[in-house]
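Quick note: numbers below take in every heavy atom, side chains included, and nothing from hydrogens, waters or symmetry partners.
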2 protein chains.
Amino acid sequence: MILSDSSQALVLHFGEMGSRWGFNRTVGQILALLTIHPEPLNADQLAQALHISRGNVSMGLKELQAWRLIERQHQPGDRKEYFTPAGSIWDMARVVFEERRKRELDPTLTLLRQQLLETPQTHNETQTQEKMQEIYDLLEQLNTFANALHDMNPERLKTLMSMGSGVSKVLNFGAKKKVS
Amino acid sequence: MILSDSSQALVLHFGEMGSRWGFNRTVGQILALLTIHPEPLNADQLAQALHISRGNVSMGLKELQAWRLIERQHQPGDRKEYFTPAGSIWDMARVVFEERRKRELDPTLTLLRQQLLETPQTHNETQTQEKMQEIYDLLEQLNTFANALHDMNPERLKTLMSMGSGVSKVLNFGAKKKVS
DNA sequence: TAATACTTTCAGAAATTTCTGAAAGTATTA
DNA sequence: TAATACTTTCAGAAATTTCTGAAAGTATTA
């Protein structure tokens, strides 16, 4: 397995971006390679192509399966396990989006909800709670919005995204309609 | 400077979440403390309250200023520099959102644009380019959408978010309108 | 100008994350 | 059942990130 310059560049880049997107370098590289490679790949092929140890590949694949981004496949007559992306690019984006929503918003919402149940004992604590309420309201609304996006079917989502700046206009109309 | 249990909990939590949101533990803690504390704080107060070194506070403050999340202030008759959040909670969310869009999408869009300019030499490379085009289209649309959100004024954004699941309905209307 | 009161920098230490590769585990074939 | 062909686990090594605190830098006051 030898990668073209172009594939190589993409794989390395996804490795670097991995940590920004929620996984580590190796996981990013494995995901990129499985995504652009037309055929399913096995763990040995991945280790060889990416120059990483067999054990590391195993851990990376485990994580990508936990994210539900890749799937195991068996090739007839071959005892090895092969892997492919679990869906289209759009499906993968939705999975990453939802997982990140969970990791980045849910824990904080839970904490704030707890803190807001406490009865403030001093003037200072009252002020603190007011700030927390503000943060809570913001995150709660972000969360609702993210869920609304996530619950759309891919087609509608695609349409929405492709509207680009037209979104603002449409939303404005919607808002007025809602208010009136 | 002694923190209430409630403030303490929030500060520690923001420290833990920091890395998910794009900064490190200390930076997260400093931001949380400045946000919920009603008065501006100086570097010594932050170091003491968070039990971290003075140098670390200095680096954290520098980073938060680079993000434009906090501002320096001077108290009359005091030589120390004091810090407060640079805007409302909503302003801060917008800044973080935009910064993350830049860091998480722009570099990949740039790379893909470059790769797509190359002329594929083999059948394999053609297939790879097709995949890259798919990824590019998705990220490009995500990017346009993120920009549309970002360019809205906070009021409209707030209205939109508060519509919750109603968003889907309104967007659907918009989509139909666009298509017809 | 010198002394004072602050802030910033940065080399190395500490903490954390990632990775390797040998050993253990599992499933298939002979 | 034993041998073979794979996969997973995990202790410790390597790499990376974060943090400390002393030294250097800067601005204000005497």
Side-chain angles (χ1 to χ4, degrees), chain A residues 1 11-34 40-67 69-84 103, chain B residues 1 11-34 40-67 69-84 103:
Chain A
M1 267 265 319
V11 164
L12 290 180
H13 178 83
F14 269 58
E16 296 313 314
M17 296 305 281
S19 57
R20 299 195 194 285
W21 297 337
F23 19 79
N24 67 31
R25 184 206 316 269
T26 313
V27 172
Q29 291 183 351
I30 295 176
L31 182 60
L33 185 47
L34 289 178
L41 295 171
N42 65 43
D44 283 320
Q45 292 174 310
L46 290 166
Q48 192 230 321
L50 303 175
H51 303 104
I52 57 179
S53 74
R54 188 61 187 65
N56 200 0
V57 171
S58 180
M59 292 188 293
L61 290 170
K62 196 177 160 194
E63 178 159 0
L64 286 169
Q65 284 173 288
W67 279 75
L69 286 170
I70 63 172
E71 275 172 1
R72 294 201 319 199
Q73 271 194 355
H74 280 99
Q75 307 267 331
D78 191 336
R79 212 147 126 184
K80 291 196 179 71
E81 294 177 327
Y82 285 76
F83 295 86
T84 34
R103 295 185 185 196
Chain B
M1 268 266 317
V11 164
L12 291 179
H13 178 82
F14 268 59
E16 297 313 315
M17 296 304 282
S19 56
R20 300 196 195 285
W21 297 338
F23 18 79
N24 68 31
R25 186 207 312 270
T26 312
V27 172
Q29 292 183 351
I30 296 176
L31 181 60
L33 186 48
L34 289 178
L41 294 171
N42 64 43
D44 283 319
Q45 292 173 310
L46 289 167
Q48 192 231 321
L50 303 175
H51 303 104
I52 58 180
S53 74
R54 187 63 187 66
N56 201 358
V57 170
S58 181
M59 291 188 294
L61 289 171
K62 195 176 160 195
E63 178 159 359
L64 286 169
Q65 283 173 289
W67 280 74
L69 286 170
I70 62 171
E71 274 172 1
R72 293 201 320 198
Q73 271 194 354
H74 280 97
Q75 307 266 331
D78 191 337
R79 213 145 125 184
K80 291 194 178 72
E81 294 177 326
Y82 285 76
F83 295 86
T84 34
R103 296 185 184 195

Whole-Å gap separating P (D:dA5) and CG (A:D78): 12 Å

How do A:V27 and B:M59 order along DNA chain C: which one's closest nucleotide is nearer the 5' end? B:M59

Please determine if a side-chain N or O atom of B:N24 lies less than 4.0 Å away from the OP1 or OP2 oxygen of D:dC19. yes

How close or far is atom C1' of C:dT17 from atom CD of A:E63, stated in whole angstroms? 12 Å

Base, sugar-phosphate, or nothing for B:L61, non-hydrogen atoms under 4.0 angstrom? nothing

Complementary nucleotide for C:dA22 - Watson-Crick or wobble, under 3.5 Å: D:dT9

Please pick, from C:dT7, C:dC19, C:dT16, the nucleotide with the shortest atom-to-atom distance to any side-chain atom of B:R25. C:dT16

Base versus backbone protein contacts along nucleotides 24-30 of chain C [heavy-atom cut-off under 4.0 Å; B, S, -]: ---BBS-

Contact between B:F83 and B:E81 at the side-chain level, heavy atoms closer than 4.5 Å - yes or no? yes

OP1 or OP2 of C:dT9 under 4.0 Å from side-chain N/O of B:K62: yes

N/O (side chain, B:R54) to phosphate O (OP1/OP2, C:dT8) under 4.0 Å: no

Is the distance from OP1 or OP2 of C:dT18 to the nearest side-chain N or O of A:N56 less than 4.0 Å? no

For D:dT18, take OP1 and OP2 only and decide whether either is under 4.0 Å from a side-chain N or O of B:T26. no

